[in-house]
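Here the structure comes first, spelled out in structure tokens, and everything after it is commentary.
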Amino acid sequence: MASLGELERAVMDLLWAGQEAATANTLRDLLATDSEAGDGSAGHQGKDLAVTTVLTVLSRLEKKGLVERERGTRPHRYQAVSSRADHTAELMHEVLGSAPDREAVLARFIGSVSESEAAALRKMLG
């Protein structure tokens with residue numbers, strides 16, 4: 001799975017947070033609002049984004065399999081293919097799969113989690 005750039009991550013954050021598909025114009029406006037709020041989460045503070053820039057990002061995210069486009073409407077609407085939790089779990093599985101010693105990686109990971117996270121893991125594992 002490909003990694004995400006700052007603007008790709010900002011767009012995905014908006015899509016994951018939204019309840020429905022969004023147009024490129026809506027996403028551009030939301031990114032501008034985030035930038036004006038000064039939270040820096042979009043990584044482009046102080047920059048005005050053109051809708052074509054957002055469309056390019058959405059096209060890249062679609063090629064990476066992270067968003068799908070509703071082609072039956074104009075303007076096209078975009079939505080995340082999976083949840084943030086599903087995406088994060090897939091990234092974790094990919095990294096774990098690339099390790100030569102999976103058990104050592106798991107042990108290191110488990111050793112670094114908080115007590116509440118360890119309790120949640122124990123509960124999930126039965």
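Model, not experiment: these values are computed from the prediction. Positions are given from 1 along the sequence.
The two residues Asp86 and Ser82 have their closest heavy-atom pair at CB-CB, 3.8 Å. The nearest pair of heavy atoms linking Leu31 to Ala10 is CD2-CB, 3.7 Å. Between His87 and Trp16, the shortest heavy-atom contact is CD2-CH2, 3.5 Å. Taking each heavy atom of Val81 and Glu68 in turn, the nearest pair found is CG2-N, 3.8 Å. In this structure, Leu15 and Ala22 approach most closely via the heavy-atom pair CD2-CB, 4.4 Å.
For Arg108, the CZ atom counts as loosely surrounded, since its 6.0 Å shell holds 12 or fewer non-hydrogen atoms of other residues, nucleotides or ligands.
Considering CG of Leu96 and CG of Leu106, their distance stands at 5.0 Å, rounded to 0.5 Å.
No single ILVMFWY cluster, assembled from side-chain heavy atoms under 4.5 Å apart, contains both Val105 and Val113.
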Practice task
Check step by step if side-chain contact (heavy atoms from CB on, under 4.5 Å) holds for Val51 and Thr23.
Solution key: CA-CA 10 Å; Val51 71; Thr23 66; over 6 Å; no

Handout entry: Verdict with supporting geometry, Leu4 and Met12, side-chain contact (heavy atoms from CB on, under 4.5 Å)
Key = CA-CA 9 Å; Leu4 299 177; Met12 287 306 301; 4.1 Å; yes

Practice task
Mind running side-chain contact (heavy atoms from CB on, under 4.5 Å) on Arg28 and Asn25 for me, showing each step along the way?
Solution key: CA-CA 5 Å; Arg28 182 204 53 208; Asn25 283 320; 3.6 Å; yes

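Checked by atom type, the side-chain pair Thr26/Asp29 shows no donor-acceptor distance below 3.5 Å.
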Would you give me the side-chain donor-acceptor pairs under 3.5 Å for residues 53-62, sequence neighbours excluded?
residue, atom, partner, partner atom, Å
Thr56, OG1, Thr52, O, 2.9
Glu62, OE1, Arg69, NE, 3.4
Glu62, OE1, Arg69, NH2, 3.0
Glu62, OE2, Arg71, NH2, 3.4

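Side chain of Thr88 to main chain of Ala85: no donor-acceptor pair is present (N/O by atom type, distance under 3.5 Å, no hydrogens or angles). At least one donor-acceptor pair closer than 3.5 Å links the side chain of Glu8 to the backbone N or O of Gly5.
Applying the salt bridge (charged side-chain N to carboxylate O under 4.0 Å, His left out) test to Arg77 and every residue at least two apart in sequence or in another chain returns Glu20, Glu70.
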